[in-house]
Every structure is written in structure tokens, then in C-alpha cells.
Amino acid sequence: MKKIEAIIRPTRLEPVKIALGEIGINGITVEDVRGSGRVSGKRESFHDREYIAEMAVKVKLILVIRDEDLQEAIDTILHYAHTGEPGDGKIFVYPMEEAIRVRTDERGEDVL
């Protein structure tokens with residue numbers, strides 16, 4: 001199993017979520033996050049005053065998937081999160097040692 005954390009633009013959440021569902025990946029956790037990467041200091045305005053926004057608003061998708069679904073999930077996120085502009089996000093992949101369903105104590109890929 002693998003864990004994917006994808007940091008993407010909030011406007012790309014629905015297209016990514018729908019596309020993942022179409023390939024059979026429905027178990028997704030979404031968190032609202034703020035952060036900065038290479039492109040920080042975006043110029044914005046508020047009440048007719050300009051300022052530099054230090055932390056961009058993003059969403060983080062968290063998925064735990066079977067190894068054989070990894071590449072298709074990555075390709076789907078890349079395709080539907082992509083705008084071509086700086087700040088499209090990042091995808092991180094981690095090994096997942098165990099998954100446990102709290103209600104039944106099922107373990108491993110059966111909980112996915």
C-alpha cells in the first residue's frame with residue numbers, strides 16, 4: 001500500500017476528486033492548508049491596499065491506495081490539478097505499512 005499526499009489548488013479539488021472516483025479511488029481525506037514553496041510572496045490586494053501574501057491557500061488530498069493503483073492515481077492527479085501556472089502543487093508518495101478499520105478490526109488492503 002502507498003499513501004499519497006497531494007497539495008493542490010482549491011479550485012482543482014472537484015475535478016481531481018471526480019476523476020479519481022472515475023478510476024475507482026473514492027477514499028479521500030481533504031484538509032485546508034496554507035503554505036509556501038518556491039513561488040512565495042504573491043501580490044494581492046485587500047480594501048484597495050496591496051500586500052504580499054506569504055502563505056498560499058491550498059488543499060491537501062490524502063489517499064491510501066493499493067500499490068498497483070499508484071501510477072494511475074498519480075497520473076490522474078497530475079492531469080486534473082495542472083493549470084501550467086506556478087503554484088499548481090506537489091505530490092508526495094509514502095510507503096504505508098498498515099491500515100486498520102476501527103469498526104471491524106480488518107487490516108491491510110481489505111480496509112481500502
Atom CZ in Arg66, atom CD in Glu72: separation rounded to 0.5 Å? 13.0 Å
Set of salt bridge (charged side-chain N to carboxylate O under 4.0 Å, His left out) partners for Glu31, sequence neighbours left out: Lys60
If you round to the nearest 0.5 Å, how far is CD1 of Ile62 from CZ of Phe92? 12.0 Å
How would you list, by chain and number, every residue that makes a salt bridge (charged side-chain N to carboxylate O under 4.0 Å, His left out) with Glu85, sequence neighbours excluded? none
By side-chain hydrogen bond (donor to acceptor under 3.5 Å, both in side chains), Glu106 pairs with (sequence neighbours left out) Arg101, Thr104
Could you list the residues that satisfy side chain to side chain contact (heavy atoms under 4.5 Å, CB included) with Glu98, not counting sequence neighbours? Ile100, Arg107
Just jot down the side-chain hydrogen bond (donor to acceptor under 3.5 Å, both in side chains) partners of Glu14, sequence neighbours excluded, or say none. Lys17
Excluding sequence neighbours, so at least two apart, what forms side chain to side chain contact (heavy atoms under 4.5 Å, CB included) with Asp67? Lys2
For Met96, which fellow cluster members are found when Ile, Leu, Val, Met, Phe, Trp and Tyr are connected by side-chain heavy-atom distances below 4.5 angstrom, either directly or through intermediates? Met1, Val64, Val111, Leu112
Co-members of the apolar cluster containing Tyr80 [side chain, <4.5 Å]: Ile4, Ile8, Leu13, Val16, Leu20, Ile23, Ile25, Ile28, Val30, Val59, Leu61, Leu63, Ile65, Leu70, Ile74, Ile77, Leu78, Ile91, Val93
Side-chain heavy-atom pair Lys58, Arg9 within 4.5 angstrom cut-off: yes
For Asp75, all residues meeting salt bridge (charged side-chain N to carboxylate O under 4.0 Å, His left out), sequence neighbours excluded: none
Could you tell me which residues satisfy salt bridge (charged side-chain N to carboxylate O under 4.0 Å, His left out) with Asp110, sequence neighbours excluded, listed by chain and number? none
Residues forming a side-chain hydrogen bond (donor to acceptor under 3.5 Å, both in side chains) with Thr11, sequence neighbours excluded: none
